[in-house]
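What follows is a single structure, written as structure tokens, with notes after it.
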Number of protein chains: 2
Amino acid sequence: MERLPKRQRHQQLSRLIEENPFITDRELTRQLKVSIQTIRLDRLELGIPELRERLKLMAERSYDSVRSLPLHEVIGDIVDLQLDKSGISMFEIRGEHIFSRTGIARGHHVFAQANSLAVAVINDEIALTASADIRFVRQVKLGEKCIAKAYVRSAGRSKAKVEVFTYVGEEMVFQGHFIIYRSAGEHGIEEVDERADRD
Amino acid sequence: MERLPKRQRHQQLSRLIEENPFITDRELTRQLKVSIQTIRLDRLELGIPELRERLKLMAERSYDSVRSLPLHEVIGDIVDLQLDKSGISMFEIRGEHIFSRTGIARGHHVFAQANSLAVAVINDEIALTASADIRFVRQVKLGEKCIAKAYVRSAGRSKAKVEVFTYVGEEMVFQGHFIIYRSAGEHGIEEVDERADRD
DNA sequence: TCTGCTATTAAAACCAGGTCCTAATTAAGT
DNA sequence: ACTTAATTAGGACCTGGTTTTAATAGCAGA
């Protein structure tokens with residue numbers, strides 16, 4: 001009663017499916033030289049779902065990632081705002097903002113908080129980021145609360161310079177210099193609008 | 001002969017399937033109050049494949065584009081990826097990405113696409129943005145498809161320089177220079193030094 | 001040798017979620 | 001009334017399975 005062949009086959013089966021989840025049982029019979037029933041018994045024992053189920057799982061995984069883009073309007077809660085002068089916002093790093101492996105926040109969330117604040121602090125109908133020079137000073141981790149402080153350094157007619165520093169506690173974790181376009185009475189930009197909504 | 005209902009239904013059908021690709025024809029008959037045959041004719045006319053085919057496509061997309069990477073950590077769909085060399089991703093600006101009044105994309109979404117891609121293209125266990133110098137060249141509007149192209153310019157042991165250019169059609173809308181930290185232990189990567197441009 | 005056990009294979013019924021084809025029905029336009 | 005487009009209905013067939021029930025092969029121990 002060769003037991004080994006079975007275990008070996010199980011290993012091979014797992015490997016084959018892992019490296020090509022699109023394989024059908026019929027294809028597996030060819031590769032492993034056993035009947036299709038054996039393949040199915042094996043999958044049953046190993047808890048490997050059928051092809052369609054596998055594809056569905058993969059599709060789901062890749063779907064809710066697209067769906068769960070949590071980058072909406074203003075990122076973070078605005079705590080204080082003095083238009084054209086300064087602003088403070090608070091943003092807590094949660095599970096959806098991190099690299100799952102490391103627990104470290106993805107840079108664009110930290111950026112998003114700062115960018116949102118830089119735009120919000122500009123007192124204009126339309127304010128858009130033109131450019132930015134940013135530095136991620138240290139990593140931010142799950143659960144940490146980021147306090148971003150924005151200061152308007154200079155405000156011309158069509159551009160404003162805004163500096164943003166983000167802290168976790170005492171520590172600075174991010175800094176950025178933003179150049180923000182403003183509408184300054186409808187010029188330069190084709191589509192002029194009202195100011196962005198605020199919560 | 002109300003032609004409108006048909007077109008409207010087609011629109012609704014497309015919308016329904018787009019916002020939930022996991023829906024079956026049977027479910028669609030309930031929502032649209034027409035027979036299942038009509039649904040199938042509609043799908044045929046619109047060139048929308050059956051449920052299983054849709055799931056398979058989604059699975060494929062998420063599989064062979066970035067099998068090694070956790071996809072959900074990337075903003076936009078990776079179209080091409082040559083680790084440590086270059087990468088391309090596609091990101092369509094949708095309603096949730098814009099200033100609702102103006103239809104102009106919020107900067108941090110455009111940044112997020114570029115940042116994700118810059119991190120993804122670095123072949124390392126841990127890759128984090130250290131700093132970035134970015135410019136929003138022109139506004140991006142609702143419905144526009146942003147194609148971001150990333151090129152690894154130099155890859156040292158602990159840092160890599162990545163340039164990202166984002167286009168809508170022929171037009172460049174964003175450019176950024178990223179410095180990415182890498183873990184520099186795990187993989188002894190000493191292969192890449194300086195790379196020339198490539199399309 | 002017979003019994004018992006595992007592993008394998010086979011066969012048949014059934015299912016979801018369709019395609020493909022033919023035909024009937026309905027609605028509406030002129 | 002006749003024509004045409006749109007809709008609905010029905011049945012055969014397909015893939016890639018599940019589930020169940022049975023038969024068969026191979027070997028071990030008493």
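Below, chain A is the first sequence line, B the second, and so on; all start at residue 1.
Whole-Å rounding puts the A:Glu45 CD to C:dA7 C1' distance at 10 Å. Put simply, NZ on A:Lys56 is 11 Å from P on C:dG18, counting in whole angstrom units. Whole-Å rounding puts the A:Asp42 CG to D:dT18 P distance at 12 Å. When rounded to the nearest whole Å, the span between CD of B:Gln37 and P of C:dT26 equals 15 Å. We find that CG of B:Leu44 is positioned 11 Å from P of C:dC21, with the value rounded to whole Å. For the pair B:Ile36 CD1 and C:dC20 P, the interatomic distance rounds to 15 Å; values are reported in whole Å. Rounded to whole angstrom, the span from the CG atom of B:Leu51 across to the P atom of D:dG16 amounts to 15 Å. Atom C1' of nucleotide C:dT19 and atom CD1 of B:Ile48 are separated by 16 Å, given to the nearest angstrom.
A:Glu50 comes within 4.0 angstrom of sugar-phosphate atoms only, judged by non-hydrogen atoms across all strands, and of no base. Residue contacts for B:Arg26: at a heavy-atom cut-off of 4.0 Å it reaches no nucleic acid atom on any strand shown.
Using a 4.0 Å cut-off, no side-chain N or O of B:Thr38 falls inside it from OP1 or OP2 of D:dT7. Between A:Arg43 and D:dT18 there is a side-chain polar atom (N or O) within less than 4.0 angstrom of OP1 or OP2. Put simply, A:Arg40 has no side-chain N or O that comes within less than 4.0 Å of OP1 or OP2 on C:dT9.
In this structure, B:Lys145 fails the cation-pi test against B:Phe91, since its NZ or CZ atom is not both closer than 6.0 Å to the six-membered ring centre and inside 45 degrees of the ring normal. In this structure, B:Lys149 satisfies the cation-pi test against B:Tyr167, with its NZ or CZ atom closer than 6.0 Å to the six-membered ring centre and inside 45 degrees of the ring normal.
Residues B:Phe178 and A:Phe136 place their aromatic rings such that the two centres sit no closer than 6.0 Å.
Listed nucleotides C:dT8, D:dA9, C:dG18 differ in distance to B:Thr24; the shortest reach to its side chain belongs to C:dG18. Comparing C:dT9, D:dT7, D:dG17 by their closest approach to the side chain of A:Asp25 singles out D:dG17.
Side-chain polar atoms of B:Ser89 and B:Gln113 form a donor-acceptor pair below 3.5 angstrom. Using a 3.5 Å distance cut-off with no hydrogens or angles, the side chains of A:His10 and A:Asp42 do pair a donor with an acceptor.
For B:Arg52 and C:dG18, a side-chain-to-base donor-acceptor distance below 3.5 Å is absent, hydrogens and geometry of angles not being considered.
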